[in-house]
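These notes are about the structure you will find just below.
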Amino acid sequence: MSTTIAKTETTEFVNEIEAIYEQPVTYKLRASSTWVTKPNKERTIFESLATIDLADKKNYTVQPKNPNPPPIHSIWLERFWFFYTVSPPLIIHALWYYIVPENNYFHTWHPLFAFLFYSVAFFLIITRIADHCHYYMKYYGTFDEHNRPRDYVPDKLVTRLVMSVLIYILARTGGGLLLGGYDRNSPPSLGHTISWFFPIKIGVWLIVLDFFFYSYHRMTHTIPFLWKIHSLHHCTKHPTVLQSILAGDIQELIEIFLIPLATSFVLPLTVHEFWIAQCVLIYMEAGGHSGIRAYWPHIILYEVLQPFGMEICIEDHDLHHRYGKSGMNYGKQTRVFDRIFGTISERIECLQK
Ligand SMILES: [Zn+2]
Ligand SMILES: [Zn+2]
């Protein structure tokens, strides 16, 4: 597998992190990824954690061209999977609240305990999402796999990726508790910390967030200073699931803190709505970077946006990475603003007949 591919294709690639900033990554060249071939006991703690991102070996080798168009993946199957995966922490919290007597000190959760509980839960959900994507990457294959397979995380970026994921988990969980105004005395259940209309509320929130994200993301591709910040995320043409979180420090600050903060000023969510919304975000981010070769649209916004050709699917962000700096498909939750502002690109494999 991989050692040969990784080594032969890296001969011209300057294998330093600075080079990733200063030199455009070309379609064929790939950074060195020797960590994937190391025996487990020789891996650093960061390399061991980065194995969460490893898909099947098949996805890292060129495949024969698939003559069939990508299948349409069942959105209802995904909705069921998502509910089944994301709801246990909410159910545990609610059961705890209603079962432990009110006069018991532990009836409600201290904010610090809630932070730890939801951080661990978020980590476990991210690993479940990664496994889920890996299963379908193997089952359906990946886009453009007949030309070029997926990229391993480069050696130089393993530590940064793992740190980015950990910061992402802690910041998004803590930010959700703060922005949602966590109140330990509010019953953690439907009608209290979760509106009965939460899918609509979260759907609107995601569209507002996508407006802020689109604006920021398009600027990063057109303003040289911002491209320097964003180019780290574009060090791969064919990313994998966790590489969705790979970013430079400033980009992390903007994406993890400022964009959800701005969105929450426009439409505040409660603490548990925020939890669901951030799970949708990471689920869509992971899918968008998995390259799964299927028509796989947004689990909340599909029916609303599809009649207008504004629904997003996995191929859209996959193409964004192939375009690199030249851009197109800047939205990550919708194609609303790409459609309005003329930055939408035609799908390739999903248009196959
Ligand atoms: Zn970009
Ligand atoms: Zn990306």
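The residues of the chain are indexed from 1 along the displayed sequence. Remember, it's 1-based here, ligands and their atoms both numbered in the order they're listed.
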Checklist entry - Is the centre of the Tyr136 ring less than 6.0 Å from the centre of the His132 ring? => result yes
Item to check | N, O or S atoms of the protein lying under 2.8 Å from the Zn ion (ligand 2) | outcome: His233 NE2, His289 NE2, His317 NE2, His321 NE2
Item to check | Atom CE of Met163: over 12 foreign heavy atoms under 6.0 Å | outcome: no
Item to check | Main-chain N/O of Glu311 paired to Arg335 side chain as donor or acceptor, under 3.5 Å | outcome: yes
Checklist outcome for this item: For the Zn ion (ligand 1), angle spanned by His221 NE2 and His217 NE2 (nearest 10°) is 100°
Checklist entry - Crowded around Phe113 CZ? As in, over 12 foreign heavy atoms under 6.0 Å? => result yes
Checklist outcome for this item: Given the options Lys237, His233, Gln243, His321 meets side chain to side chain contact (heavy atoms under 4.5 Å, CB included) only with His233
Next on the checklist: Against Asp318, only a single residue in Lys332, Arg148, Arg150 fulfils salt bridge (charged side-chain N to carboxylate O under 4.0 Å, His left out); can you say which?
Outcome noted: Arg150
Checklist entry - So which of the N, O or S atoms of His230 lies nearest the Zn ion (ligand 1)? => result NE2
Checklist entry - Is it the case that more than 12 heavy atoms not belonging to Phe308 sit under 6.0 Å from its CZ atom? => result no
